[in-house]
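Values below: all heavy atoms of this structure, side chains included; hydrogens, waters and symmetry mates excluded. Chain letters run A, B, ... following the sequence lines, proteins first and then strands; every chain starts at 1.
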Amino acid sequence: MKIPIDKPILVTSALPYVNGECHIGHLRTYVPADIYVRMLRKMGYDAIFISGSDTHGTPIVLSAEAQGITPEEVVEKYHEHFKRIFKDLNVDFDYYGQTDSESNHRRTEEIVKELIENGYVYKKGTKQAFCNTCGRFLPDRYVEGECPHCGAMARGDECDQGCGKHLEPGEIIEPRCKICGSEADFKEQEQFFFKLSSFADFLITYLDKLGGTRNAKNYAKEWVRKELMDWCITRNLEWGVKFPGRDDLVVYVWVDAPIGYISFTEELIEKEEEWRKYWTEDKATIVHFIGTDIIYHHCIFWPAMLKGAGYSLPDAVVASGMVKIDGKTFSKSRGDVVWAAEFLERFHPDTLRYYLVAQSSHTKELDFSWDSFSTRMNNELVAILGNLVHRVVSFAYKNFGVVPEGDIEDEVLGKIEEIREEVVKAVEEYEFKKLVDSAMGLADFGNGFFQREEPWHLIKKGEKERERCGEIVKNVLQIIKAVCVLLEPVMPSKMAEVWQQLGMESDVHSAKLDEITVPIASGQALKKPKKLFERVEV
RNA sequence: GCCGGGGUGGCCUAGUUGGUUAGGGCGCCAGACUCAUAAUCUGGAGGUCGCGGGUCCGAACCCCGCCCCCGGCACCA
């Protein structure tokens with residue numbers, strides 16, 4: 001999507017549900033979002049980057065009970081954990097909040113009231129499973145019993161082990177509480193519903209012009225085609241945002257979670273007239289980065305809610321594919337999981353950032369394996385990029401000490417320009433693999449150029465050859481400078497190291513894309529080079 | 001069953017309006033170079049583009065039929 005340059009951009013990254021630790025599946029969304037924002041800034045856009053922890057819902061309540069602590073304590077623990085991981089990984093949010101904040105409570109209540117006032121919410125009696133032993137209502141996922149269709153063991157909402165049919169509340173035979181195992185029964189309960197069905201026409205036109213990745217659009221359109229059902233937006237829980245006027249009900253977590261995008265913007269910007277530009281006045285471009293598992297909520301439910309309450313709508317939804325481990329679906333019990341913290345104990349964060357985008361195109365499934373990780377590290381980061389920097393800076397440092405004199409050749413400038421265009425196109429298409437592949441292609445070109453010109457021969461000859469040698473070195477340093485700016489969004493701290501080796505005084509993080517064709521200054525002192533990446537054996 | 005995404009040399013993969021000998025990477029083989037982390041560079045072998053029909057001067061790309069893999073199918077977060 002071509003993004004209008006004259007408006008600010010708000011980029012959000014899906015809110016992690018904080019009842020467990022961060023694994024690389026999460027990172028597949030946050031890292032590309034961070035890369036996207038960094039690249040937008042290099043391209044001259046005014047971007048803000050927001051996310052936060054999703055804190056409500058039944059699983060956190062249960063998790064707290066299991067650990068003998070309060071939901072607040074569970075949230076606090078993992079909220080800090082995620083913040084720490086993001087910091088370590090250089091995922092640099094302008095604001096990272098959490099949905100139990102006062103402002104999110106307030107904003108959620110306000111939006112729900114708007115929806116009520118606008119006639120999009122109604123009351124309806126439903127059958128709700130209740131466990132007498134636990135003394136609470138149970139979401140259908142936490143009920144088990146016998147499937148009325150095939151007799152197999154089933155969950156309250158779906159016959160997950162038998163015929164696979166969807167079950168309506170109360171349909172299941174001999175319901176039991178999955179938490180304590182005792183008998184559960186269904187009680188008539190009054191809940192509130194959101195008239196999602198009345199947004200079908202709106203959504204059809206909205207989805208047509210929604211930007212982002214095709215997987216998100218297609219998936220959402222299919223739902224609308226199938227006919228939308230109204231959404232039950234309340235739950236019998238203590239933990240959460242109270243439904244206006246009802247002390248016994250909280251809103252469903254998928255109501256207050258995305259509203260976090262708005263309240264975090266408020267918390268960041270503070271001034272009402274400023275944040276409203278983003279969320280009620282259509283004066284900004286809103287881009288959501290999510291995983292394919294929550295397309296429904298972001299492309300159907302969320303825009304309908306915003307529309308119903310009179311807020312601005314997202315302009316693009318970018319959905320990343322799921323992550324597998326050695327071809328298998330994530331599973332904590334089977335050990336098919338790679339924890340972010342464990343990974344970071346062993347390897348530099350930039351290597352993970354690189355791998356996550358280089359391994360597979362954004363919307364496709366990413367199959368993680370230690371084998372493919374080490375292959376990429378050794379063949380790409382060490383052999384192509386690390387080696388280019390090391391061989392050239394070493395050679396230049398030893399023989400010149402500074403950036404030598406000389407002109408940048410047309411061939412080199414042309415190549416840099418060509419790669420820059422590829423990178424910009426990749427960003428607009430959310431193709432982060434293409435972005436790194438293109439930038440690495442420039443490093444490749446640098447190696448070829450250096451090899452072809454054989455400056456190590458020239459340096460041993462006369463003064464004239466030494467001049468030519470300097471010119472070649474300067475050209476390759478220029479290539480490295482360009483690679484550095486182009487890859488800073490992917491590997492911010494490693495590229496800062498390279499930037500320093502080149503003797504640049506400015507900050508590579510704020511360097512703009514335009515700078516890549518600006519000749520590197522002759523005479524600027526080079527630093528003694530250090531290896532960028534170490535080979536990995538796993 | 002319905003929908004979406006795929007099926008391209010040993011492995012991964014590009015190829016969104018059909019057009020010269022189907023690109024790239026890994027791996028493999030041969031050579032070059034020695035500035036560099038045995039890194040780099042050059043060249044090479046290897047493909048019925050899932051199967052069968054069709055349209056066309058021409059199809060991996062369009063149409064029809066079929067097979068296989070993955071994911072989704074709602075109140076779970």
Side-chain angles (χ1 to χ4, degrees), chain A residues 14-20 54 56-60 62 126 139-142 155-158 160 164-166 168-169 191 193-194 196 214-223 225-226 228-235 252-255 257 292-297 300-301 321-322 324 327 329 358-361 363-365 367 369 371-372 375-376 378-399 429 431 433-434 437 440-441 444 446-460 469 472-473 476 529-535:
Chain A
L15 313 183
Y17 193 65
V18 284
N19 70 338
D54 182 7
H56 296 140
T58 309
I60 282 177
L62 295 179
T126 62
D140 290 324
R141 275 283 154 113
Y142 291 95
R155 259 184 349 214
D157 58 341
E158 180 194 10
D160 55 334
K165 286 202 173 97
H166 167 68
E168 287 299 316
Q191 301 288 359
F193 282 74
F194 173 54
L196 187 60
R214 222 185 343 168
N215 55 349
K217 254 173 115 145
N218 286 345
Y219 183 92
K221 278 185 172 172
E222 179 50 26
W223 276 110
R225 260 200 297 275
K226 269 205 298 214
L228 296 169
M229 282 161 68
D230 293 342
W231 264 58
C232 176
I233 54 165
T234 47
R235 293 290 185 276
Y252 178 40
V253 63
W254 268 110
V255 175
T292 51
D293 53 339
I294 51 174
I295 291 172
Y296 180 79
H297 307 86
I300 304 277
F301 192 50
M322 297 288 101
K324 289 196 164 190
T329 307
Q359 183 61 11
S360 166
S361 77
T363 57
K364 289 195 177 158
E365 187 175 273
D367 188 10
S369 70
D371 197 50
S372 62
T375 303
R376 277 196 191 279
N378 295 338
N379 292 342
E380 296 170 20
L381 292 187
V382 174
I384 297 174
L385 181 62
N387 183 235
L388 172 72
V389 174
H390 195 240
R391 72 193 295 206
V392 174
V393 178
S394 293
F395 185 86
Y397 180 78
K398 197 160 30 176
N399 294 297
E429 292 172 350
E431 287 288 359
K433 177 171 169 53
K434 275 188 191 159
D437 284 352
M440 288 300 279
D444 236 342
N447 273 320
F449 185 88
F450 199 66
Q451 190 78 25
R452 186 187 79 198
E453 301 295 335
E454 303 186 320
W456 50 90
H457 282 159
L458 297 169
I459 198 71
K460 290 173 190 155
C469 175
I472 288 156
V473 167
V476 189
K530 274 197 309 220
K531 288 181 187 175
L532 253 198
F533 300 99
E534 293 293 340
R535 291 183 61 83

Quiz item: Separation of A/Asp293 atom CG from B/rC70 atom P, in whole Å?
Solution: 19 Å

Quiz item: Roughly how far, to the nearest 0.5 Å, is the CD atom of A/Glu454 from the CD1 atom of A/Ile472?
Solution: 9.5 Å

Quiz prompt | Length of the line joining A/Phe193:CZ and B/rA74:P, which is rounded to integer Å | solution = 16 Å

Quiz item: Quick one: A/Leu228 CG to B/rA74 P, roughly how many Å, whole number?
Solution: 13 Å

Quiz item: Which nucleotide in the set B/rA77, B/rG4, B/rG71 lies at the smallest distance from any side-chain heavy atom of A/Thr58?
Solution: B/rA77

Quiz item: For A/Tyr219, which residues count as a side-chain hydrogen bond (donor to acceptor under 3.5 Å, both in side chains) partner, sequence neighbours excluded?
Solution: A/Trp223

Quiz item: Can you give one letter per nucleotide of nucleotides 34-45 of chain B, 5' to 3': B if a protein heavy atom sits under 4.0 Å from the base, S if only from the sugar-phosphate, - if neither?
Solution: SBBB-SBS----

Quiz item: For A/Phe194, which residues count as a ring pair (Phe, Tyr, Trp, His ring centres under 6.0 Å) partner, sequence neighbours excluded?
Solution: A/Phe199, A/Phe301

Practice problem: Quickly work out the A/His56 NE2 to B/rC76 P distance and round it to whole Å. | Solution: 18 Å

Quiz prompt | Length of the CD-C1' vector between A/Glu380 and B/rC26, whole Å | solution = 9 Å

Self-check item: Nearest-angstrom distance from the residue atom OH of A/Tyr252 to P of B/rA74
Solution: 12 Å

Quiz prompt | Pairing partner of B/rG1 (Watson-Crick or G-U wobble, both distances under 3.5 Å) | solution = B/rC73

Please write out each protein N/O paired with an N/O of nucleotides 8-16 of chain B under 3.5 Å, distance rounded to 0.1 Å.
residue : atom : partner  : partner atom : Å
B/rA14  : OP1  : A/Lys364 : NZ           : 3.0

Quiz item: Does B/rA30 have a Watson-Crick or wobble mate here (both distances under 3.5 Å), and if so which one?
Solution: B/rU42

Got a list of side-chain donor-acceptor pairs under 3.5 Å for residues 389-398 of chain A, not counting sequence neighbours?
residue  : atom : partner  : partner atom : Å
A/Arg391 : NH1  : A/Asn447 : OD1          : 2.9
A/Arg391 : NH2  : A/Gln451 : OE1          : 2.9
A/Ser394 : OG   : A/His390 : O            : 2.6

Quiz item: Can you tell me if the side-chain N/O atoms of A/Asn218 get under 4.0 Å from OP1 or OP2 in B/rG5?
Solution: yes

Quiz prompt | Presence of donor-acceptor pair under 3.5 Å, side chain of A/Trp223 and base of B/rA74 | solution = no

Quiz prompt | All side-chain contact (heavy atoms from CB on, under 4.5 Å) counterparts of A/Lys530, not counting sequence neighbours | solution = A/Gln501

Self-check item: Pairwise C1' distance, B/rG44 and B/rC66 [rounded to whole Å]
Solution: 39 Å

Quiz item: Roughly how far apart, to the nearest Å, are B/rG50 and B/rU42 at atom C1'?
Solution: 36 Å

